[in-house]
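In what follows, a single structure is set out as C-alpha cells and then discussed.
Atoms considered below: every heavy atom in the structure, side chains included; atoms not considered: hydrogens, waters and symmetry mates. Just so we're on the same page: letters track the sequence lines, and every chain starts at 1. Since this is a predicted model, take the numbers as computed values, not measurements.
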Amino acid sequence: MLKIYNTMTRQKEVFKPIEEGRVRIYTCGQTVYDDVHIGNARTYSSWDVVVRYLRYKGYDVFHVQNFTDVGHLTDDADQGEDKIEKRAREENINPWELVDKQIQEYWQVIDNLNIQRPNISPRATAVIPDMIEIIKILLEKGYAYEVEGNVYYDTFKFKDYGKLAKLKLDEEKAQARVVQDPLKRNYYDFALWLNARKGDQIHIMRWNSPWGEGYPGWHLECSVMGMKYLGETLDIHGGGIDHIPTHHPNEIAQSEAATGKKFVNWWMHAEFITLNGQKMSKSLGNYVTARELIDEHGGLVVRMGLVSGHYRSAVDWNPKVIENAKSNIEKIRNCLNNIEHSSGGNSETLKSAIKEVRSSFEEAMDDDFNTPRAFAAIYEFIKQVNSSLDNKKEILNKARDTLIELLGVLGLDFTKKKGFDDKKINELMEIIINIREQSRKEKNYELSDKIRKKLREVGIQIEDGAEGPRWKITT
RNA sequence: GCCAGCGUAUCCUAGUAGUUAAGGAGGCGGCCUGCAGAGCCGUUGCUUUCAGCAUCGUGGGUGCAAAUCCCACCGCUGGCUCCA
C-alpha cells in the first residue's frame, strides 16, 4: 500500500489515483536559460524514482514536464526582465537559439543520469493559444483584471489563496520587501499576460492577444499544460520546495478558478540539497553543474549520490557522498561479478532471500519512496548472495535479475558491464593472464606480482580466486 | 525581524513512542590467499571474564515506556529576492 507525503495536508496519505491503474503526473521543469545544476538534477532524479516505482507497481504512468522558454522574469513581483531574453542578449544570440541550445544540453544530462524522459515535454511557447483561452475565462469569471495591456490574477477573489504554503496574507504582506508592481491591486496578484512593450523596450518573443501584443506570465503554463495533457485534476504534481510559497499557490488559484475543480490531489516537493554544508548559489560561487559532475565521476555515480538520500531530506552534496556512491557501486558490481563467475552448486538457500529483498524493498518504497531503506534491503541481500554462491546456477541468475531490476527502479543501470567488449583486448588479457599463471606455478612471484601491479596502475585489477584468475576494470 | 525545518555513534544516512538505534562508508581483528584483491565473520560509547552502565545537540517535562510527544536553551539550514 503506497503512501505519499502530501504537502497540502502535511502528512503521508494512502495513494489512490483518480482512474484505477493510471497515474497522471506533472512536474515542474526547467527554465531553459542556464545549465542544469546538481540541485536540478536531484529534483528530477527524485521524480524519476517516483515515476519508475509507480510503473514498477503496474501503473500506467503519464508524465508531463514543461520547458519554460518565455515569461519567467528575474523578479517575481513582475517587475523584472524575462530570463531567457536577458541571457540571450548577454550571449548575443536570438532567444529561440538559446532555448534550443539549452534544451539539447538538458536532454544530454537527463539521459546521462538515466532519467526516463517524460511522455510529453511541451514548451510554454507551444501552448500560447491555450493560455489565452484560460485568461479569457478568468477575466469573464472576475478572477482577473486588465491594466495597460497586462492581465493580472486577483488573488483576493480566490478563497484559500496560499493554503498550500500556509500563507498568512496580511502579515506576510506587511513584511514584504520587494518593490510592488504599481499596476497590481494586491501584493500577491501575479501576471497572467504581459504587455510586450515596456517603455521603449520590445519583448522579442511576443504574440497577439485580445489585450494587444504580449507574452504569458510564468505561472500560467503549468496550469495550462497540466490541464491540456492530463485533465482538470492531476493525481500528482511535483516540484522543488521553492515552489511552495508562490508558484504552486498561483497554479492552484488559476486552475481551480477556471475549472471549479480541485487541481491536484497530491502535491509533492523535493528538498533542496546543500553543497558542502552551504546553500548553493551563484553569488557564493559554489555552483556546480550536473555536466561537470557527470564528466568527472560518470552518470551512475552522480545518480547513486542523488538517490541515496530521501527526497524530502536536505542532504548535503560533498566529496564524501561521491566517495560513498563509488564504493557502493563497486560493491554491487563485485556481487554481480561473483554471480557471473560462480559455476553454482546444489544449494537453494537464496530462494527465500530473493523473495525477502523484494518485499522489504517494496515496503520501503511504499513508505513515501524511502530510498535509503530500500538500499538497506539491497545491501543486506548482497551480503547474502556473496555468501551463497554455492546455490544452483538458476537461483543465482534469479538473484542477479532481481538485483538489477530493483536497482533499475532507482534509476541505477547495472545491465551494462563495465569493461571492454573488444574481442582483441579480451584475447590480449588472456595471454597476459596465462603468462602470469605460468610464473605463479613456477613460484616466480616477483614477476607475477609485477604484472598485477602494473596492470592495476592502468586500471585493470587481476583477482586470483578459487576458480582461477579473473580481471576487471577499476577506473 | 517574521516563518519553516533540522541536530542520530568516527563520518554519511534511516528510524518519529514499545524487546539488541536499520543500512552504508571508514578503522581495527580474524577467515580465505604464496601475497594482494574480492568476499565472509567479528568489532568500532564506557568498564569488561560473565556482565553491567551509558547513549540519538543540551536541560527539563509528560507517559508503564521517549531518538520519537511537549517546553526552554544552544547550534545549523532553508524561505520571506531568482531558484529544483
Could you pull out every donor-acceptor pair under 3.5 Å between side chains of residues 1-9 of chain A and any protein atom, sequence neighbours left out?
from: Asn6(A); atom 1: OD1; to: Met8(A); atom 2: N; distance (Å): 3.1
from: Asn6(A); atom 1: OD1; to: Trp267(A); atom 2: N; distance (Å): 3.1
from: Asn6(A); atom 1: ND2; to: Glu13(A); atom 2: OE1; distance (Å): 3.2
from: Asn6(A); atom 1: ND2; to: Asn265(A); atom 2: O; distance (Å): 2.9
from: Thr7(A); atom 1: OG1; to: Trp267(A); atom 2: O; distance (Å): 3.1
from: Thr7(A); atom 1: OG1; to: His269(A); atom 2: ND1; distance (Å): 2.7
from: Thr9(A); atom 1: OG1; to: Asn6(A); atom 2: O; distance (Å): 3.4
from: Thr9(A); atom 1: OG1; to: Glu13(A); atom 2: OE2; distance (Å): 2.6

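Comparing the C1' positions of rG45(B) and rA67(B) gives an interatomic distance of 16 Å, to the nearest angstrom. Nucleotides rC28(B) and rA38(B), compared at atom P, are 13 Å apart to the nearest Å. rU8(B) and rG24(B) are spaced 15 Å apart, taking the C1' atom of each and rounding to whole Å. The P atoms of rG42(B) and rU47(B) are separated by 23 Å, rounded to the nearest whole Å. Comparing the C1' positions of rG18(B) and rC69(B) gives a spacing of 14 Å, expressed to the nearest Å. Spacing between rU33(B) and rA84(B) at atom C1', rounded to whole Å, works out to 50 Å. Rounded to whole Å, the separation between the P atoms of rC11(B) and rA66(B) comes to 26 Å. A distance of about 28 Å separates the P atoms of rU55(B) and rG5(B), rounded to the whole Å.
Under the 90° criterion around 0 for the glycosidic angle, rG63(B) counts as syn.
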Inset, instruction - Report, as a single string ordered 5' to 3', how protein heavy atoms within less than 4.0 Å touch nucleotides 34-40 of chain B: B base, S sugar-phosphate only, - not at all. - result: BBBBSSS
Inset, instruction - Can you check each nucleotide of nucleotides 13-22 of chain B against protein heavy atoms at under 4.0 Å and return B for base, S for sugar-phosphate only, - for none, in 5' to 3' order? - result: SSS------B
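Between the P atom of rC12(B) and the CG atom of Leu306(A) lies a distance of 18 Å, rounded to the nearest Å. In this structure, Ile241(A) atom CD1 and rC6(B) atom P are separated by 12 Å, rounded to whole Å.
In this structure, Arg117(A) forms a cation-pi arrangement with Trp107(A), its terminal cationic atom sitting closer than 6.0 Å to the ring centre and no more than 45° off the ring axis.
Nucleic acid contact class of Ile273(A) (heavy atoms, under 4.0 Å, all strands): base.
For Tyr44(A) and Ala377(A), each mapped to the nucleotide of RNA chain B holding its nearest heavy atom, the one lying further toward the 5' end belongs to Ala377(A). The residue among Thr274(A) and Gly239(A) whose nearest nucleotide of RNA chain B is located toward the 5' end is Thr274(A).
Listed pair Asn324(A) / rA25(B) fails the phosphate criterion, with no side-chain N or O lying under 4.0 Å from OP1 or OP2.
In this structure, Arg456(A) has no salt bridge (Lys or Arg N to Asp or Glu O under 4.0 Å) partners at least two apart in sequence or on a different chain. With sequence neighbours excluded, the residues satisfying side-chain hydrogen bond (donor to acceptor under 3.5 Å, both in side chains) with Asp295(A) are Arg291(A). Residues that satisfy the side-chain hydrogen bond (donor to acceptor under 3.5 Å, both in side chains) test with Tyr229(A), not counting sequence neighbours, are absent from this structure. Lys326(A) pairs by the side-chain contact (heavy atoms from CB on, under 4.5 Å) definition with His297(A), Val301(A), Ile322(A), not counting sequence neighbours. Residues forming a salt bridge (Lys or Arg N to Asp or Glu O under 4.0 Å) with Arg452(A) (at least two apart in sequence, or on another chain): Asp449(A), Asp464(A).
Remark: Lys453(A) NZ is loosely packed, at most 12 non-hydrogen atoms of other residues, nucleotides or ligands lying under 6.0 Å away.
In this structure, the aromatic ring of Phe272(A) is positioned over the six-membered ring of the base of rA84(B), centres within 5.5 Å and planes within 30°.
Under the salt bridge (charged side-chain N to carboxylate O under 4.0 Å, His left out) criterion, the residue pairs touching residues 397-406 of chain A are Arg358(A)-Glu405(A), with sequence neighbours excluded.
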